[in-house]
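Written out below as structure tokens is the structure these notes cover.
Here is the naming used below: chain letters follow the sequence lines, and residue numbers restart at 1 for every chain.
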Number of protein chains: 2
Amino acid sequence: MPAPERTSLAEVVAAGCDLLEEAGPTGLTMQAVAGRVGVRAPSLYKKVRDRDELLALVATDAAEDVGTRLASTDGTLAGLVRAYRSFGHDRPEAFRLLLTARPDPGTPQRMSEPVLRAAEELVGPERALEAARFATAWVTGFVSMELAGSFHLGGDLEDAFDYGLERLAAALVPPA
Amino acid sequence: MPAPERTSLAEVVAAGCDLLEEAGPTGLTMQAVAGRVGVRAPSLYKKVRDRDELLALVATDAAEDVGTRLASTDGTLAGLVRAYRSFGHDRPEAFRLLLTARPDPGTPQRMSEPVLRAAEELVGPERALEAARFATAWVTGFVSMELAGSFHLGGDLEDAFDYGLERLAAALVPPA
DNA sequence: ACCTGAACACCGTTCAAGT
DNA sequence: ACCTGAACACCGTTCAAGT
């Protein structure tokens, strides 16, 4: 009765990430994931409690990806914002998932800390949290709408992004 | 062979809206909607092509709600932004749906036009579109994150919102 | 100890048969 | 002309039985 495992949790999560982007949230079925890792659906329940936990693990993977991307920028608000937008372009479904499913506690910290530091650099410690939220809300909304096709009035999206980034910087200056 | 209809499209859409808020997108099943309007699931296919079309109709209803709310503000950017946020608080699932499903063409116009006018008032016609997108992206992101519980660093959300609104106004001033 | 087929409850959707 | 039960394909999930 040896029975070595034919897959691993990491492989299952990776298959989940791939399927999410290729087929959307509804395409991320237990059967499809199982097929990817060469096993039958019931076997997945040895690795995860249920589909919701798998989604949370995929969300955590996405949050870690964001954290890593942010950490390898120059740390300026513009750099952080651009890195976050790139993540949204590279993994649109994961971006959306992060606004729905809750990743592991602890991981979100890696996403917010660099932004908080950049905001503090600009407006000082007093209003750093509010300034960070201002910037985060803007870029989150911009990329969400961009991915959803919600900018339906034509015009150049890059213009709108550059304009927003410039106005953001102008808005976040030390208090008089 | 008279057979008068036992429900109507409007009733079906209204039931869809209610169920969406009460049970989330996954709770909005054809069987649950059918139960609400006193009919069996197959009968719904006399009113809508499939579940996706029902979701689009619910999204259209939500977009019209937003349009009406925006139209009954004072037309200032602050007024519009506050009305949009109130919509998100009153119908959180519908708010999320608007960032996913596409409502009927034409309806989005009613949502963006008042914002465009307010932006033009502030920065002039040259950059009105970009300014409107700046404001829209910020409030969309703020409410999305608020509803998702993504502001995980404590602090007062009303402070963050008021700060953002104030910085938004400061950022959107006529060019020098 | 992991894997599997079979089973169950639940979906969306179609369609022939009722009235 | 609308409504329905029955049916089909597809989910997520459980579990006893295999190795």
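Separating the CG atom of Leu44(B) from the C1' atom of dC3(D) is a distance of 11 Å, rounded to the nearest angstrom. Separating the CG atom of Asp50(A) from the C1' atom of dT14(D) is a distance of 13 Å, rounded to the nearest angstrom. Counting to the nearest Å, the P atom of dT4(C) and the CE atom of Met30(A) are 14 Å from each other. In this entry the distance linking CD of Glu53(B) with P of dG12(C) reads 15 Å, nearest Å. Residue Leu55(B) contributes atom CG, which lies 14 Å from atom C1' of dC11(C) at whole-angstrom precision. Counting to the nearest Å, the C1' atom of dA7(D) and the OH atom of Tyr45(B) are 14 Å from each other.
Put simply, Arg51(A) has no side-chain N or O that comes within less than 4.0 Å of OP1 or OP2 on dT13(D). For the OP1/OP2 pair of dT13(C) and a distance below 4.0 Å, the side-chain nitrogens and oxygens of Arg49(B) include no atom meeting the criterion. For dC2(C), neither phosphate oxygen OP1 nor OP2 lies less than 4.0 angstrom from any side-chain nitrogen or oxygen of Ser43(A).
In summary, Glu130(A) and Arg133(A) do not engage in a salt bridge, as defined by a charged side-chain N under 4.0 Å from a carboxylate O. The residues Asp90(B) and Arg69(B) are annotated as salt-bridged, a charged nitrogen and a carboxylate oxygen being separated by less than 4.0 angstrom. A salt bridge links Arg96(A) with Glu93(A): the distance from a Lys NZ or Arg NE/NH1/NH2 to an Asp or Glu carboxylate oxygen falls below 4.0 Å. With respect to Glu158(A) and Arg85(A), a salt bridge is recorded, a charged nitrogen being found less than 4.0 Å from a carboxylate O.
Of the candidates dG12(C), dC3(D), dT14(C), dT14(C) carries the atom nearest the Pro42(B) side chain, counting heavy atoms from C-beta on. Listed nucleotides dT13(D), dT4(C), dC3(D) differ in distance to Arg6(A); the shortest reach to its side chain belongs to dT4(C). Nearest to the side-chain atoms of Arg40(B) among the listed nucleotides dT4(C), dT4(D), dC3(D) stands dT4(D). You'll find that the side chain of Thr29(A) is closest to dC11(D), out of dC11(D), dT13(D), dC3(D). For Lys46(A), whose side chain is taken as the heavy atoms from C-beta onward, the closest listed nucleotide among dG12(C), dC2(C), dC3(D) is dC2(C). Residue Gln31(A) places its side chain closer to dG12(D) than to any other of dT14(C), dG12(D), dC3(D).
Applying the ring-ring contact (aromatic ring centres under 6.0 Å, His included) criterion to Phe142(A), with sequence neighbours excluded, gives Trp138(A), Phe151(A), Phe161(A).
Pairing for dA7(C) is with dT13(D), a Watson-Crick or G-U wobble pair whose two hydrogen-bonding atom distances lie under 3.5 Å. dT19(C) is paired with dA1(D) under the criterion used here, namely a Watson-Crick or G-U wobble arrangement in which both key atom distances are under 3.5 Å.
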